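Step one of this worksheet: look at the structure below.
Values below: all heavy atoms of this structure, side chains included; hydrogens, waters and symmetry mates excluded. Numbers for residues simply follow the sequence, beginning at 1. Only a predicted model underlies this, so the values are computations on that prediction, with no experimental measurement involved.
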Amino acid sequence: MIFYFSGTGNSKWIANQLSKEQQEDLFFIPDAWKNDTWEFSLREDEKIGFVFPVYSWAPPVIVQEFIRKLVLKGYQQQYLFFVCSCGDDTGLTRQVMEKALAARGWRCNAGFSVIMPNNYVLFLGFDVDSKELEKKKLAEAVPALEKVSRLITGRETVFACKEGSLPFIKTRIINPLFVRYQMSPKPFHATSECIGCKRCEKSCPVGNITMKERRPVWGKNCTACLACYHVCPQHAVQYGKKTKGKGHYFNPDSAY
């Protein structure tokens, strides 16, 4: 079983590839809340995987909350791994995941990061990659994920996460500030360029957007994935003034 979360499609692509290679079923994490599904029965030889993007050098809040609520019936030290997508580095994502899993009595056997195109645009100086770099990252992700899949197939105990520089500061100091101040949906709005196409509504992984009079309205349940911003064909979705003039990215192999 592979549990995954994705906003702009990078982690969805990873999860789909691993599902095919490992012959494991996929479960989209937001569906746990939608369908009140928290309990899963495990086979004796079943692998358990978590796939998610790195948000401000840590697993997304929704992933951590899911782990706290998840019930794995028949858990007997089955092989458990995680794969995270990141634009550059992961900080202490490995340590956060290991602690969250250990709190449930589950042992993490392996963890990997896969470099994918940047999509976070809310921090000062942050923007999407150039088209050239985006293409390069997507191409290099293919063999990188193939290597990860081989290690998972072999049930190897290995951790290959690119922590980057100053990981403690990024995960222990910046991430809590991100969770507290940068996950509010209040600054989201649609400019006059909005054509009411509903792509933002359809792309929201947690159903936080509704259309009223052909205009998107954001609720309170935001994961800060920025799917609504990146998928807009008119660049009409903005987050206060922080996204003005910045680029857009959505994984070309992932439909919303």
Legend entry - Check against side chain to side chain contact (heavy atoms under 4.5 Å, CB included), W106 and Q77: CA-CA 7 Å; W106 305 329; Q77 299 291 321; over 6 Å; no
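- Among D89, T90, N175, the one residue that satisfies the side-chain hydrogen bond (donor to acceptor under 3.5 Å, both in side chains) test with K170 is D89.
- Under the 3.5 Å distance criterion, the side-chain polar atoms of Y79 are left unmatched by any main-chain donor or acceptor of C108.
- Other cluster members for Y181: L177, joined by side-chain heavy-atom distances under 4.5 Å among Ile, Leu, Val, Met, Phe, Trp and Tyr.
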Inset, instruction - Evaluate the side chain to side chain contact (heavy atoms under 4.5 Å, CB included) criterion for residues F123 and F178: first the C-alpha distance (whole Å), next the side-chain angles of each, then the deciding distance (0.1 Å), finally the verdict. - result: CA-CA 9 Å; F123 282 162; F178 164 81; 4.2 Å; yes
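- F52 and Y120 fall within the same hydrophobic cluster, where Ile, Leu, Val, Met, Phe, Trp and Tyr residues are linked whenever their side-chain heavy atoms come under 4.5 Å apart, directly or through other members.
- Remark: the D36 side chain and the W38 side chain contain an N/O donor-acceptor pair separated by less than 3.5 Å.
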Inset, instruction - Apply side chain to side chain contact (heavy atoms under 4.5 Å, CB included) to W33 and T37, showing your working. - result: CA-CA 7 Å; W33 280 268; T37 304; over 6 Å; no
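- By the 4.5 Å heavy-atom criterion applied to side chains, F112 and C84 are not counted as neighbours.
- In this structure, S184 OG and K220 NZ are separated by 10.5 Å, a value rounded to the nearest 0.5 Å.
- Between the side chain of K137 and the main chain of G87, a donor-acceptor pair closer than 3.5 Å is present.
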Inset, instruction - Could you walk me through whether Q23 and K47 pass the side chain to side chain donor-acceptor pair (under 3.5 Å) test, one step at a time? - result: CA-CA 10 Å; Q23 298 184 348; K47 302 183 189 76; over 6 Å; no
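- Remark: the backbone N or O of K12 is paired with a side-chain donor or acceptor of S6 at under 3.5 angstrom.
- The minimum heavy-atom distance linking N251 with G9 is given by the pair CB-C, 3.5 Å.
- Placement of L80 and F159 within a single hydrophobic cluster is found when ILVMFWY residues are connected by side-chain heavy-atom separations under 4.5 Å, directly or transitively.
- In this structure, Y4 has its ring center closer than 6.0 angstrom to the ring center of F28.
- Evaluated for a side chain to side chain contact (heavy atoms under 4.5 Å, CB included) with N221, the options V206, I62, I209 yield exactly one hit, V206.
- In this structure, M116 and L138 approach most closely via the heavy-atom pair CE-CD2, 4.0 Å.
- Counting only heavy atoms from C-beta outward, the side chains of L18 and F81 approach each other to under 4.5 Å.
- Using a 4.5 Å heavy-atom cutoff, the side chains of L72 and E39 are not in contact.
- You'll find the side chain of T210 stays beyond 4.5 Å of the side chain of P216, heavy atoms only.
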Inset, instruction - Tell me, with the steps shown, if V61 and M183 meet side chain to side chain contact (heavy atoms under 4.5 Å, CB included). - result: CA-CA 10 Å; V61 170; M183 289 187 62; 3.9 Å; yes
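- Taking the six-membered ring for Trp and the full ring otherwise, F40 and F27 have centroids separated by under 6.0 Å.
- The hydrophobic cluster containing I174 also contains L226, counting ILVMFWY residues as joined when their side-chain heavy atoms lie under 4.5 angstrom apart, directly or transitively.
- For Q182 and K242, the side-chain atoms include at least one donor-acceptor pair closer than 3.5 Å.
- The neighbour count for R43 CZ, taken as heavy atoms of other residues, nucleotides or ligands under 6.0 Å away, is above 12.
- You'll find the side chain of I48 reaches within 4.5 Å of the side chain of Q78, heavy atoms only.
- Minimum interatomic distance between D45 and R155 (heavy atoms only, all atoms of both residues): O-NH2, 2.8 Å.
- A salt bridge between R94 and E98 is present, with a side-chain N of the basic residue lying under 4.0 Å from a carboxylate O of the acidic one.
- Residue L145 is grouped with residue V158 when hydrophobic side chains (ILVMFWY) are merged at heavy-atom distances under 4.5 angstrom, including chains of intermediate members.
- In summary, K69 and E65 do not engage in a salt bridge, as defined by a charged side-chain N under 4.0 Å from a carboxylate O.
- Side chain of N10 to main chain of P117: a donor-acceptor pair is present (N/O by atom type, distance under 3.5 Å, no hydrogens or angles).
- When the options H248, H235, H189 are evaluated for a ring pair (Phe, Tyr, Trp, His ring centres under 6.0 Å) with Y229, the one that passes is H248.
- Using modelled atom types, one finds a donor on one side chain and an acceptor on the other under 3.5 Å when comparing T8 with N119.
- In terms of modelled atom types and a separation under 3.5 Å, the side chain of E201 and the main chain of C197 share no donor-acceptor contact.
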Legend entry - Full working for side chain to side chain donor-acceptor pair (under 3.5 Å) between Q238 and E193: CA-CA 11 Å; Q238 298 292 325; E193 300 298 318; over 6 Å; no
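- A continuous path of Ile, Leu, Val, Met, Phe, Trp and Tyr side chains, each step under 4.5 Å between heavy atoms, connects V114 with V128, placing both in one hydrophobic cluster.
- Rounding to the nearest 0.5 Å gives a distance of 3.5 Å between OG1 of T153 and CD of Q22.
- Taking 4.5 Å as the limit, some side-chain heavy atom of W218 sits within range of a side-chain heavy atom of V237.
- The NZ atom of K73 sits 5.0 Å away from atom OG of S41, with the distance rounded to the nearest 0.5 Å.
- Here F3 and F50 bring their ring centres to under 6.0 angstrom of each other.
- One N or O on the side chain of T243 and one on the backbone of Y239 form a donor-acceptor pair closer than 3.5 Å.
- Here the OG atom belonging to S85 is positioned 10.5 Å from the CZ atom belonging to F5, to the nearest 0.5 angstrom.
- With contacts defined as side-chain heavy-atom distances shorter than 4.5 Å, the pair W57/D88 does not qualify.
- When all heavy atoms are compared, the tightest approach of R214 to C194 is O-SG, 4.0 Å.
- Contact annotation: the side chain of R104 approaches that of I67 to within less than 4.5 Å [non-hydrogen atoms, C-beta and beyond].
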